[in-house]
Asks: 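I'd like to ask you about the structure that follows.
Note that the numbering runs from 1 along the sequence shown for the chain. In this text, all values refer to a predicted model and were calculated from it rather than measured experimentally.
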Amino acid sequence: MNSKNKRLRRSKRTRAIIANLGLIRLSVHKSNSHIYAQLIDDKNNKVITSASTLEPEIKDEINSGGNTKAAVFVGKRIADKGIKLGITRIAFDRSGYKYHGRVRALADAARESGLKF
């Protein structure tokens, strides 16, 4: 089993636990160049809002999309978008990634901006 399959297996386990909570899910995906975040409503199978380092507002402020500084910007942006829509309580889905580096920076920035998880 390669590392991608291991990560996907971990993510399935986490998503099963989150589904029982019934909360809106903050899902994170990262590549070497960028980081992406989505608020997902699993009850209605809809993406509510998203943020990534590819957005023009974030892209102008960062040099590289693959570092913790960029993850902080994405975390603040997704939190602001969620709060504008009336979402304050969420479940964090790290998609099987380890909780350190860019994933942790995004989560901490979202917490500081007002999301509770």
Side-chain angles (χ1 to χ4, degrees):
M1 184 174 286
N2 61 16
S3 60
K4 183 178 179 182
N5 288 338
K6 289 179 185 177
R7 182 185 68 79
L8 292 175
R9 194 170 80 185
R10 283 191 303 268
S11 69
K12 284 182 185 179
R13 198 175 332 139
T14 304
R15 288 184 186 137
I17 294 168
I18 291 172
N20 288 335
L21 296 175
L23 295 172
I24 291 176
R25 173 167 58 107
L26 172 60
S27 180
V28 175
H29 177 74
K30 64 178 187 170
S31 67
N32 288 335
S33 305
H34 299 285
I35 190 160
Y36 312 87
Q38 295 179 326
L39 288 176
I40 301 171
D41 183 6
D42 288 325
K43 291 177 186 174
N44 299 323
N45 295 324
K46 299 277 184 182
V47 175
I48 298 168
T49 187
S50 64
S52 73
T53 52
L54 294 173
E55 292 181 356
E57 296 84 12
I58 296 175
K59 204 172 195 179
D60 294 339
E61 297 184 25
I62 59 172
N63 293 332
S64 171
N67 57 20
T68 56
K69 182 181 173 186
V72 169
F73 279 109
V74 172
K76 289 179 183 177
R77 180 113 170 112
I78 195 74
D80 292 339
K81 285 182 172 183
I83 290 171
K84 284 181 185 176
L85 294 171
I87 300 167
T88 56
R89 187 117 174 97
I90 60 163
F92 186 66
D93 176 13
R94 57 189 174 85
S95 299
Y97 298 114
K98 290 183 179 180
Y99 187 78
H100 79 286
R102 291 190 285 161
V103 174
R104 184 176 183 169
L106 189 144
D108 290 343
R111 274 193 196 102
E112 289 172 5
S113 297
L115 291 180
K116 293 182 177 74
F117 53 98

Asks: Are there over 12 heavy-atom neighbours, none belonging to Asn63, within less than 6.0 Å of that residue's CG?
Replies: no
Asks: For Arg9, I'd like to know if atom CZ has over 12 heavy atoms of other residues, nucleotides or ligands within 6.0 Å.
Replies: no
Asks: Mind checking whether Leu106 and Arg102 have side chains closer than 4.5 Å, heavy atoms only?
Replies: no
Asks: With sequence neighbours excluded, tell me which residues meet ring-ring contact (aromatic ring centres under 6.0 Å, His included) with Tyr36.
Replies: His29
Asks: So, using side-chain contact (heavy atoms from CB on, under 4.5 Å) as the criterion, who are the partners of Asn44 when residues are at least two apart?
Replies: Asp41, Lys46
Asks: Within this structure, what is the CG-CZ distance for the pair Leu39 and Arg25, rounded to the nearest 0.5 Å?
Replies: 10.5 Å
Asks: If hydrophobic clusters are built by linking Ile, Leu, Val, Met, Phe, Trp and Tyr wherever their side-chain heavy atoms come under 4.5 Å apart, do Val103 and Ile90 end up in the same one?
Replies: yes
Asks: In Å and rounded to the nearest 0.5 Å, what is the CD1 to CD distance from Ile48 to Gln38?
Replies: 10.5 Å
Asks: If you measure from NZ on Lys43 to CD1 on Ile24, what distance do you get to the nearest 0.5 Å?
Replies: 8.0 Å
Asks: Ignoring hydrogens, what is the shortest heavy-atom contact between Leu26 and Ala37? Give both atom names and the distance.
Replies: CD1-CB, 4.0 Å
Asks: Give me the atom names and distance for the closest heavy-atom approach of Val74 to Ala51.
Replies: CG1-O, 3.8 Å
Asks: Could you check if a side-chain atom of Ile35 sits within less than 4.5 angstrom of a side-chain atom of Lys30, using non-hydrogen atoms only?
Replies: yes
Asks: Side-chain donor-acceptor pairs under 3.5 Å in residues 10-17, sequence neighbours left out?
Replies:
residue	atom	partner	partner atom	Å
Arg10	NE	Gly96	O	3.0
Arg10	NH2	Gly96	O	3.0
Ser11	OG	Leu8	O	2.7
Thr14	OG1	Arg10	O	3.1
Arg15	NE	Asp93	OD2	2.7
Arg15	NH2	Asp93	OD2	3.4
Arg15	NH2	Ser95	OG	3.3

Asks: If you compare all heavy atoms of Thr53 against all heavy atoms of Gly65, which two are closest, and at what distance to 0.1 Å?
Replies: CG2-O, 3.7 Å
Asks: Side chains of residues 78-85: which donor-acceptor pairs under 3.5 Å do they make with residues two or more places apart or in other chains?
Replies:
residue	atom	partner	partner atom	Å
Lys81	NZ	Ser50	O	2.6
Lys81	NZ	Glu55	OE2	3.0

Asks: Mind checking the CD1-NZ spacing from Ile62 to Lys59? Nearest 0.5 Å is all I need.
Replies: 8.5 Å
Asks: Can you name the nearest heavy-atom pair linking Ala91 to Ile18, along with the distance?
Replies: CB-CG2, 3.7 Å
Asks: Applying ring-ring contact (aromatic ring centres under 6.0 Å, His included) as the test, list every pair that has at least one member in residues 62-115; sequence neighbours left out.
Replies: Phe92-Phe117
Asks: Suppose we screen for side chain to side chain donor-acceptor pair (under 3.5 Å). Which residues come up paired with Asn2, at least two apart in sequence or across chains?
Replies: Asn5
Asks: If you round to the nearest 0.5 Å, how far is NZ of Lys76 from CD of Glu112?
Replies: 7.0 Å
